[in-house]
Amino acid sequence: MLQTCNFGSTVQFPNVVKQTQISQRPDLAANWVCRAFSGVFVSNERLFIGDGTQLPDQLSLSEAATANGEWFAVFENADDSNQFIVITDQFGFQPAYYAFAKEFGLVVSTSAEEANWVKNRYGVASQIDSAQLALYVCTNHSWSSTFNSDYTAVDGVKIARAFEYLWINGDSFASRPIDELQAGLPSEYDELLEFGIKNAVAQLELLSQLDVFDRRINLSGGKDSRLMFGLLSKGGLTDAFTVRSVNPKTWPDKAARKGLMKDLLIADSIRERFGMQWSTEGERVVASLSPAEALRDWQKYRSSKNFRFPLKRKFYARTEPIIELRGASGECFRNFWSHYFKYLPSSPSVVDETETFDADAEMIFNDLYKDNNVSEGVREDMLARFTESLKETGFSTFLEAADRHFSIYRNRGHFGTTLHFMQEGAVPFFPLNQLAFVRAGELVGVKQRKDGIVFFDLIEKLDPSLNDLPFDSAQWPAYFWEKSDRQRSEAW
């Protein structure tokens, strides 16, 4: 039985008494009905914004499984009231926190604090998870600034992983891969690229029809925004969007202005060739914020997601809404940790073989967490948690595991900003958030993924001429062009 708690974004399953590794998957042909919803939902069919009091009309499980945005939903099997699926946007930007104990069953919430509150209400005391708290606060490395495991700093409150959903089946529950809910998700590289393109373009087509003050793409000289632009070009949607780029003259960091000028020139070349307009700013309301107000705002939208608080002294709200395309999540099918770890002292010693996984992990851990004021026992628990979070990605070598770890954890904490920015009148949308692109990247290996093969191949499928214009920094390696049989365009 499902019970909805007062705060709308929290659900309780009091009959659940065990967590299992359920091998049997849910019957996806059953009549799954949405019973709870909150957040911003963008699919191939609709944009829906709900605050926990409304449900999307006739929302199917298959539509939800490929949807973008930042949202949380619960589906019930209409033919079996003991079966539920708890699902979020596939990249997990809206975290699902859960707690489980015999006193209250299973509780799942969009708030770690609310999940813990339910525990307390049933007499289960809160305890600090010392190892996880130490993983957050005992290094300044970006590894610690967002999610880095399934655990929170409160013992007993965990986080459902990105690309997974929770299946409640009678008295038990389990995590399962969201891949199995995406009807027709292929397993081969080229087919995965096509599958992701189809979904991304359909979502952009939907957004192109919305009646808002402006629909814009943030364009620079980099590869992420170039790929995002390629999706617009493929869908014939460039006329429906304007172009926004950073103004180098007003950028606070003067040392970065030269590079930003290069970004602007490249963005303008693309804009001019496709006959697009520059974005214009509408009216905005400005209010001053006290430090306490800025902290409350941060806690409301970013609490338990991101642990670096930037003190914002002013609040800007648009009087008319805009849609803004952003190139987030490209690192999920390029690389991230396998690249950034190479700057650590022990990186040259990483062997990256199956049998050296534990040793590789310990070397990197010791670089990240050096002088800690923690006991030996807590440090041992920290290392065990660090290694566990990498091993449970499913990869048997360290660098592959590190890159999937980014996709599961840091990416969602860093880019989970839709609800935050909506209060300012902007709806950010990330068209690169396609599970199929991530799975394609995992097929090509660390080196090709780092070199950007998925980006190159996607742009070749979308609008090959966009590969011929130089980027702001590292260009495509020669071996990419050697496998291409087309003549490079001189139109730029």
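If you read the sequence from its start, that first residue is 1, and numbering goes on from there. These numbers come from the heavy atoms of this one structure, side chains and all, not from hydrogens, waters or symmetry mates.
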request  = Take F213 and T319 through the test side chain to side chain contact (heavy atoms under 4.5 Å, CB included) and record every step on the way to the result.
outcome  = CA-CA 9 Å; F213 175 77; T319 58; over 6 Å; no
inquiry  = I'd like to know whether F173 forms a ring pair (Phe, Tyr, Trp, His ring centres under 6.0 Å) with F100, so could you lay out the CA-CA distance, the side-chain angles of the two residues, the decisive distance to 0.1 Å, and finally the verdict.
reply    = CA-CA 10 Å; F173 80 103; F100 166 65; 5.4 Å; yes
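Between the side chains of N169 and Q83, at least one donor-acceptor pair of N or O atoms lies under 3.5 Å. A donor-acceptor contact closer than 3.5 angstrom links the side chains of Q434 and Q203. Side-chain atoms of Q94 and T88 form no donor-acceptor pair, as typed in the model, at a separation below 3.5 Å. H420 and D297 share a donor-acceptor pair across their side chains, judged by distance under 3.5 Å alone. With no hydrogens or angles considered, a side-chain donor-acceptor pair links D150 and Y409 at under 3.5 Å.
In this structure, F104 and Y122 have tilted ring planes: the angle between them lies in the 30° to 60° band. Under the 30°/60° scheme for interplanar angles, the aromatic rings of F37 and F41 are found to stand perpendicular. The aromatic rings of F386 and W143 lie tilted to each other, with the angle between the two planes from 30° to 60°. Note: F93 and F430 have perpendicular aromatic rings, judged against thresholds of 30 and 60 degrees for the angle between ring planes.
Salt bridge status for R410 with E331: absent, with no side-chain N to carboxylate O gap under 4.0 Å. R326 has no carboxylate O lying under 4.0 Å from a charged side-chain N of D224, or vice versa, which leaves the two without a salt bridge. Ion pairing of R404 with E400 is absent here, as no side-chain N (NZ or NE/NH1/NH2) approaches a carboxylate O to less than 4.0 Å.
Residues satisfying the side-chain contact (heavy atoms from CB on, under 4.5 Å) test with S396, not counting sequence neighbours, are T354.
Applying salt bridge (charged side-chain N to carboxylate O under 4.0 Å, His left out) to R318 and the options E281, E424, E283 leaves one that passes, E281.
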